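The figures that follow rest on heavy atoms only: side chains count, while hydrogens, waters and symmetry mates do not. What you see is a predicted model; the values in this text were computed from it and never measured. Just so it is clear: chains get the letters A, B, ... in the order the sequence lines come, proteins before strands, and each one is counted from 1.
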There are 2 protein chains.
Amino acid sequence: MKKNTSILLAEDDLNLGQLLQTFLKSKGFDVSLAQNGKTALERFHEGSFDFCIFDVMMPEMDGFTLAKEIREIDKQTPILFLTAKAMKEDKLEGFSLGADDYLTKPFAMEELLARINAILRRVDTSDEEEDGSRMIGSIKYEPELRLLHLKEETKKLTTKENQLLTLLVKNQNDILDRQAALRAIWGDDNYFNGRSMDVYIAKLRKALKGDESIEIMNVHGKGFKLIVKDSE
Amino acid sequence: MKKNTSILLAEDDLNLGQLLQTFLKSKGFDVSLAQNGKTALERFHEGSFDFCIFDVMMPEMDGFTLAKEIREIDKQTPILFLTAKAMKEDKLEGFSLGADDYLTKPFAMEELLARINAILRRVDTSDEEEDGSRMIGSIKYEPELRLLHLKEETKKLTTKENQLLTLLVKNQNDILDRQAALRAIWGDDNYFNGRSMDVYIAKLRKALKGDESIEIMNVHGKGFKLIVKDSE
DNA sequence: TTTGCCCGTTAAAAAACGTTAAGCCCAGAT
DNA sequence: ATCTGGGCTTAACGTTTTTTAACGGGCAAA
């Protein structure tokens with residue numbers, strides 16, 4: 001069963017926000033609407049989205065800062081900015097932050113849709129399955145359902161376990177920076193959150209012990225690295 | 001099992017960066033994307049890459065400086081530069097720094113791919129195995145997994161041990177400059193880091209003691225040299 | 001050959017990480 | 001309102017990794 005592509009929409013103007021949400025839903029997307037950057041960031045780290053649409057000017061946290069935070073731990077997910085003014089500097093800053101596209105208000109709904117589809121067509125080459133699941137070695141992982149399908153049993157992950165594993169998987173074979181991960185999941189990288197994270201690393205190691213080819217390696221003082229040795 | 005050739009891509013424009021990453025991944029490469037020269041350098045020293053693609057103009061540290069730093073301790077790994085302008089001086093400077101090729105934006109993806117493959121075909125004369133491991137005398141060394149397979153047991157190396165041994169191996173039978181190694185691993189070549197390095201040299205000598213034909217020789221005031229006497 | 005710096009080695013101290021378990025908090029059930 | 005269980009944090013203790021210290025020997029230049 002193919003799942004809908006899910007969109008995180010951050011727009012402080014509730015009027016416009018709901019309009020967009022309704023429109024996109026009617027086109028078959030799952031849309032989560034946040035009214036400011038801060039809640040959008042939390043939503044992003046909690047859930048699992050295939051696409052982001054951020055208004056540039058928002059209270060609490062503007063769209064650019066939001067994008068910057070997200071890019072620390074996720075360099076993949078496409079981001080499209082909405083802005084009221086057609087300022088060139090904004091545009092440039094946006095692109096340097098990893099924006100995939102840019103739309104100036106007011107815009108036609110159909111144009112937004114066209115751009116979303118164009119970007120999705122272009123970037124959709126991840127090793128993610130149609131239903132949103134992916135394989136870690138021989139273990140099937142469903143981030144949305146927080147499920148880990150081992151050979152024998154199926155484990156249910158908690159929120160934090162799931163968030164951490166998602167980050168590790170996004171950075172598979174590459175280093176997941178300690179501080180970045182802490183800020184992403186705990187919001188703050190103090191001592192105690194650090195120890196908490198270590199506890200969760202231990203939990204994940206235990207959970208993934210079913211497959212010997214999987215290893216969560218520590219890089220002293222830097223972070224962790226999820227390694228899947230290619231089995232012959 | 002053959003492992004993918006891994007590419008370190010340094011490109012500050014995340015838009016182009018992701019595009020390239022996605023494209024190269026689809027062609028079977030492992031691609032690590034860094035957004036500036038400084039993180040690219042750290043990434044290089046921590047990981048183990050077969051190929052480098054550097055944008056010339058980047059914040060924090062430009063592509064040329066990055067290449068210069070890397071060439072201090074690695075004269076092998078191919079480097080290809082990307083530049084916005086077709087300046088002849090840039091080109092010359094690039095080649096004098098040990099660039100293997102040069103590409104001016106905008107360029108066609110397929111051209112990039114062709115050049116990468118051409119270079120890899122040309123320079124692929126290392127004694128590295130298909131799976132990324134290599135032999136040091138009679139000892140099998142897997143840098144990615146930080147493993148040293150002795151006759152009897154298998155030793156796990158720590159982050160620092162692994163980084164240092166990687167540098168020594170890259171400069172096998174050639175001198176590894178003390179200061180360069182310190183900057184590469186410790187980021188700074190002060191007195192204490194120097195002593196720390198000496199401690200790690202001692203650890204590695206002990207770890208490699210299993211094979212009498214291996215020697216880490218000191219070159220007074222210069223650095224160290226990994227020597228493997230050819231066993232008859 | 002003597003002086004100063006550099007290196008070899010071992011040990012102790014400090015920092016980071018691994019693991020287990022106890023305590024806390026909160027939502028849902030009673 | 002109280003009980004209960006799951007999830008998260010904090011604590012405590014052990015281990016590993018890295019740094020710093022201390023001391024002795026070696027090398028090279030004057």
Side-chain angles (χ1 to χ4, degrees), chain A residues 42 45-46 145-148 155-168 175-209 214-227, chain B residues 42 45-46 146-148 154-168 175-209 214-227:
Chain A
E42 286 165 18
H45 287 136
E46 168 53 32
L145 301 174
R146 299 190 201 162
L147 291 179
L148 219 43
K155 281 203 176 102
K156 183 150 168 51
L157 299 177
T158 71
T159 309
K160 284 259 143 67
E161 287 168 350
N162 194 54
Q163 284 177 284
L164 187 52
L165 185 54
T166 299
L167 287 195
L168 285 167
I175 188 166
L176 170 63
D177 185 77
R178 237 187 124 80
Q179 320 236 45
L182 281 169
R183 279 202 303 281
I185 300 178
W186 279 267
D188 183 17
D189 64 346
N190 63 34
Y191 172 79
F192 287 111
N193 288 338
R195 299 322 326 277
S196 199
M197 175 159 138
D198 289 334
V199 171
Y200 278 96
I201 288 287
K203 284 177 197 283
L204 288 179
R205 285 195 176 123
K206 198 175 290 180
L208 294 168
K209 207 158 50 189
I214 302 174
E215 184 186 351
I216 298 179
M217 173 189 279
N218 170 258
V219 182
H220 198 95
K222 297 271 182 182
F224 295 94
K225 199 191 264 191
L226 175 65
I227 294 180
Chain B
E42 284 169 19
H45 288 135
E46 165 52 29
R146 312 206 299 214
L147 291 178
L148 219 43
T154 287
K155 280 202 176 105
K156 264 206 264 300
L157 298 179
T158 71
T159 308
K160 284 257 144 68
E161 287 168 351
N162 193 54
Q163 285 178 284
L164 186 52
L165 185 53
T166 298
L167 286 195
L168 285 167
I175 189 164
L176 169 63
D177 184 76
R178 232 187 127 79
Q179 320 239 38
L182 281 168
R183 279 203 303 282
I185 300 178
W186 280 267
D188 182 17
D189 64 346
N190 64 34
Y191 172 77
F192 286 112
N193 288 336
R195 301 323 327 278
S196 200
M197 176 159 135
D198 290 333
V199 171
Y200 277 97
I201 288 287
K203 284 177 197 284
L204 287 180
R205 285 191 176 127
K206 199 175 291 180
L208 294 168
K209 208 156 51 189
I214 302 173
E215 185 188 352
I216 299 179
M217 169 191 280
N218 171 257
V219 183
H220 197 90
K222 299 278 182 185
F224 295 94
K225 197 191 272 193
L226 175 65
I227 295 177

A:Met217 CE - D:dT17 P separation (whole Å): 11 Å
Any B:Arg195 side-chain heavy atom under 4.5 Å of B:Val199 side chain: no
Residues within residues 178-196 of chain B bordering DNA chain D, heavy-atom distance below 4.0 Å: B:Trp186, B:Phe192, B:Arg195, B:Ser196
Full working for side chain to side chain contact (heavy atoms under 4.5 Å, CB included) between A:His45 and A:Gln163: CA-CA 7 Å; A:His45 287 136; A:Gln163 284 177 284; 4.0 Å; yes
Minimum heavy-atom distance between B:Arg178 and B:Asp198, given as atom pair plus value: NH1-OD1, 3.2 Å
Check: B:Leu208 and B:Leu148 side chains under 4.5 Å, non-hydrogen atoms: yes
Close side-chain approach of A:Met197 and A:Leu182, heavy atoms under 4.5 Å: yes
Length of the NZ-P vector between B:Lys222 and D:dC27, whole Å: 17 Å
Opening and closing nucleotides of DNA chain C in contact with chain B, under 4.0 Å to non-hydrogen atoms: C:dC6 to C:dT10
Distance below 4.0 Å between B:Thr159 side-chain N/O and D:dT18 OP1 or OP2: yes
Between C1' of D:dT20 and NZ of B:Lys160, the distance in whole Å: 14 Å
Residues, nucleotides or ligands: over 12 heavy atoms within 6.0 Å of A:Lys156 NZ: yes
Nucleic acid contacts - residues 199-206 of chain B versus DNA chain D, non-hydrogen atoms under 4.0 Å: B:Val199, B:Tyr200, B:Lys203
Min side-chain heavy-atom separation B:Leu226-B:Leu176 under 4.5 Å: no
A:Lys222 atom NZ, neighbour heavy-atom count above 12 within 6.0 Å: no
Residue that, paired with B:Arg146, satisfies side-chain hydrogen bond (donor to acceptor under 3.5 Å, both in side chains) out of B:Thr158, B:Thr159, B:Asn162: B:Thr159
Sugar-phosphate only, base, or nothing, as touched by A:Asp198 at under 4.0 Å among non-hydrogen atoms: base
Test item: B:Glu46 and A:Lys225 side chains (from C-beta on) under 4.5 Å apart, heavy atoms: yes
Minimal non-hydrogen separation, B:Leu167 against B:Ala184, with atom names: CD1-CB, 4.1 Å
Separation of D:dG7 C1' from A:Gln163 CD (nearest whole Å): 13 Å
